[in-house]
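By convention in this document, chain letters (A, B, ...) are assigned in the order of the sequence lines, proteins followed by strands, and residues within each chain are numbered from 1.
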Amino acid sequence: MKNTAFNIVSIRNDFPILNSKVNGKQLVYLDNAATTQTPKVVIDSLVSYYSKINANIHRGAHYLSQKATEAYEQARKKFQKHFNAKSSNEIIFTSGTTHSINLVANGFVNLLKSGDEIIVSHLEHHSNIVPWQMLCEKTGATMRVIPMNEKGELIFSEYEKLLSNKTKVVFVNHVSNALGTINPIKEIIRKAHKFGSAVLIDGAQALPHFKVDVIDLDVDFYVGSAHKLYGPTGVGILYGKEKWLNKIPPYQGGGEMIDEVTFEKTTYAKLPNKFEAGTPNIGGVIASGVAIDYINKIGFENIAKREIELLDYATKKLLEIDEIKIYGNSSNKTSVISFNIGSIHPYDIGSIIDNEGIAVRTGHHCAQPIMDYFNISGTIRISLSFYNTIEEIDSLINSIMVAKKMLS
Amino acid sequence: MTIEEIQNEIISEFDMFNDWIEKYEYIIDLGKSLPVIKTQYKTQENIIRGCQSKVWLYAENIDNKLIFTADSDAIITKGIIAILIRTFSNQSAEEIINAKTDFVEKIGLKEHLSQTRANGLSSMIKQIKLYAVAYSNK
């Protein structure tokens, strides 16, 4: 593969885990939609934090506390810049995408009433369905679902029909975790705003692939996880427009999120601290900022180019296998391929290729409504990152052929 | 044969294989001889929780011996449950309750199963033992 701006050998050396052996075989890591691997600069940042500046933030007057606070707030600024957010007050650190969604869903409890409607898409991960169902139970609001088509795309004309003055929140993922479909979120947001509805975009599967501009999108809430963005686990991001973040109440009570506390009444801290009760994952947030720097240095254009090449090659090779069926055939998708071979259970193939050192995801991918649509219990999903190679895809194909022969 | 004798027999069968591919092929073969559960027992309540693939397991007591039948939508899972049924079926409830289960480690199976599949295997053994406990109390 020729890509002058892209030195794959040097990039793979940035990720220590990629040299691992699994069951005596070279690891082939194709489960990047579940979590991306961590470059050495990010690992070093975690070590450096705990070795040099570990202290609680915003509290101590001492040197270390100031250093840690500076580094933590610096990371917030990096995310602000990355998302093109107007203010760093609009960036809230959470424990992950799920936490971010729950924070927002919970914030709408007092803003919704019986008769109101919220709109979800058929392509959602369970974590972007269940918190909203809980919200509906609490408020009496009704959930409407944007249907999907055979290619795994949302049917936009049906979405338009669902919108009305009753619509209060629309929540859709930017990219489907199970199929890789890229949803037309800018249009979805624009239409929802015509009816005064807020929009939350679950960007967990989009952030490793594109640079997101929240101003251009005019999105109200955008959420994601650092561990899917080459950062550490345990750090989530919530972007929210300042007007919305001021409107919704705090999610958790505790330290850091208060202004003044008496037994009669507590007044809350200003943004962003209002939503960051307790001691956050300081080292993780700082390392996530380093991950943002790392990925921007590689460049999203280079990443997109590389991932499309890998996706095209893997799709072509997989389609050469007899009886393969790929789910999610949108022309607008990320480097994710979900498939089954004949009537072979995805778990059988997953188990056999695992013995060959190949890491893929099998199952329903926490998106059972999509599996129900296709009337299947699950799929095998490969998800490619820029650090994957053509040789790795060839290893995958060879292992699948071995598995297929054993299982047929 | 006692449960222990059957387990030793299975261990020596698996000892003959040189690599995991041969072991898997044997497991897949064993799955084909699985005593299949009758359709009327393939119900939600006979599904074993904790498996990524679907596993149905049913037991009946015939002349004080427990007879197990099962099915799965995954071939390897079918083979694994077939090994367990060969071991525990046609034994008394008491013998099943008292039986050791470390033979699954000895056949080197667990190291080749993913964590979720290993958990599924543990769930199957647990369910077999629970059936035995239930029948021993009757």
Side-chain angles (χ1 to χ4, degrees), chain A residues 20-31 34-35 126 178 323 338 340-368 371-372 374-382 395 398-408, chain B residues 14 17-34 36-37 42-44 46-56 70-84 104-105 107-124:
Chain A
S20 305
K21 293 261 191 296
V22 172
N23 295 319
K25 308 277 170 60
Q26 172 61 44
L27 167 70
V28 174
Y29 187 77
L30 304 176
D31 194 17
T35 199
H126 296 162
E323 290 188 277
S338 225
N340 277 325
I341 297 172
S343 59
I344 302 174
H345 198 285
Y347 204 32
D348 281 331
I349 292 184
S351 298
I352 290 176
I353 68 176
D354 173 52
N355 281 286
E356 294 277 278
I358 294 170
V360 298
R361 174 88 191 261
T362 63
H364 54 57
H365 317 299
C366 297
Q368 280 177 353
M371 302 300 126
D372 290 344
F374 290 115
N375 198 20
I376 50 177
S377 66
T379 68
I380 302 154
R381 180 191 70 185
I382 64 161
S395 299
N398 289 337
S399 300
I400 289 176
M401 295 312 284
V402 170
K404 185 171 183 276
K405 201 172 156 217
M406 285 170 73
L407 294 163
S408 298
Chain B
F14 273 86
F17 302 122
N18 298 317
D19 61 17
W20 68 268
I21 292 190
E22 289 179 350
K23 282 184 188 177
Y24 262 65
E25 279 173 338
Y26 187 55
I27 293 168
I28 291 164
D29 258 358
L30 291 173
K32 290 172 187 158
S33 60
L34 174 75
V36 176
I37 188 169
K42 251 177 137 172
T43 56
Q44 276 295 325
N46 286 332
I47 287 182
I48 300 177
R49 307 274 158 210
C51 302
Q52 229 196 53
S53 49
K54 273 196 180 134
V55 185
W56 296 266
D71 201 3
S72 172
D73 54 354
I75 298 177
I76 296 170
T77 312
K78 249 176 145 167
I80 292 168
I81 190 85
I83 294 171
L84 297 179
V104 288
E105 276 98 38
I107 59 180
L109 195 55
K110 263 198 169 162
E111 62 192 272
H112 288 297
L113 295 178
S114 60
Q115 190 56 44
T116 44
R117 203 150 215 164
N119 291 343
L121 175 61
S122 305
S123 304
M124 289 181 215

| query | In Å, rounded to the nearest 0.5 Å, how long is the span from CD1 of B:Ile21 to NZ of A:Lys405? | reply | 9.5 Å
| query | Where does B:Ile76 contact chain A at under 4.5 Å (heavy atoms): side chain, backbone, both or neither? | reply | both
| With a 4.5 angstrom heavy-atom cut-off, which part of A:Ile344 approaches chain B: side chain, backbone, both or neither? | neither
| query | What distance do A:Asn23 atom CG and B:Asp19 atom CG have between them, rounded to the nearest 0.5 Å? | reply | 12.0 Å
| note | Cut-off 4.5 Å, heavy atoms of chain B, and the answer for A:Ser343 is neither
| So how far is it from B:Asp73 CG to A:Tyr347 OH, rounded to the nearest 0.5 Å? | 11.5 Å
| Distance (rounded to the nearest 0.5 Å) between A:Ser351 OG and B:Ile80 CD1 | 7.5 Å
| task | Would you mind telling me which of A:Val402, A:Asn355, A:Asp348 makes a side chain to side chain contact (heavy atoms under 4.5 Å, CB included) with B:Tyr24? | result | A:Asn355
